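Notes follow the structure.
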Amino acid sequence: KVSSGDLGFAALAGDRIYMPVEGRLVVLSAMDGRELEKIDALNSDGDSPGYMAVVPAGDKVLLSTRDRLIAFGPAP
């Protein structure tokens with residue numbers, strides 16, 4: 001079950017919008033809003049991550065949940 005606490009504010013980083021919703025990080029094209037990717041942020045036991053915050057940080061995007069901080073960025 002997803003509650004309103006499973007949502008967060010979107011962030012624009014480069015040409016992508018990162019939008020946390022329903023335990024996932026949805027990645028959209030900033031140009032046309034097309035969905036590019038969905039990244040699962042649920043805990044390994046299936047628990048909801050709770051409120052999620054997205055912050056652009058240089059060439060990375062940081063996603064915080066109630067119990068972890070996840071960094072996404074370009075492959076080395």
Side-chain angles (χ1 to χ4, degrees):
K1 182 179 178 187
V2 176
S3 72
S4 61
D6 293 333
L7 305 175
F9 292 101
L12 175 64
D15 63 348
R16 295 180 177 208
I17 300 168
Y18 295 85
M19 185 171 57
V21 61
E22 297 183 353
R24 291 177 179 78
L25 185 62
V26 179
V27 183
L28 306 171
S29 166
M31 182 175 289
D32 59 12
R34 182 175 42 93
E35 184 177 296
L36 302 174
E37 180 176 12
K38 280 186 184 176
I39 302 167
D40 192 8
L42 293 174
N43 295 328
S44 58
D45 58 6
D47 280 348
S48 163
Y51 176 81
M52 297 184 295
V54 183
V55 178
D59 66 343
K60 294 181 178 36
V61 173
L62 304 177
L63 172 67
S64 67
T65 69
R66 68 180 151 141
D67 64 351
R68 68 179 79 178
L69 178 65
I70 306 164
F72 299 94

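From a predicted model like this one, the values you see are computed outputs, not experimental measurements. Note that the numbering runs from 1 along the sequence shown for the chain.
- Distance check, rounded to the nearest 0.5 Å: CE of M52 to CZ of R24 gives 9.5 Å.
- When hydrophobic clusters are built by joining Ile, Leu, Val, Met, Phe, Trp and Tyr residues whose side-chain heavy atoms come closer than 4.5 Å, directly or via intermediates, I39 is grouped together with Y18.
- Atom CZ of residue R68 and atom CD1 of residue I70 lie 5.0 Å apart, to the nearest 0.5 angstrom.
- Residues passing the side chain to side chain contact (heavy atoms under 4.5 Å, CB included) test with A30, sequence neighbours excluded: L12, I17.
- Listed by chain and residue number, R16, V27, S29, R34 satisfy the side chain to side chain contact (heavy atoms under 4.5 Å, CB included) test with L36 (two or more places apart in sequence, or in another chain).
- Interatomic distance, D67 CG to T65 OG1, rounded to the nearest 0.5 Å: 4.5 Å.
- With rounding to the nearest 0.5 angstrom, the CE atom of M19 is 9.0 Å from the CG atom of L25.
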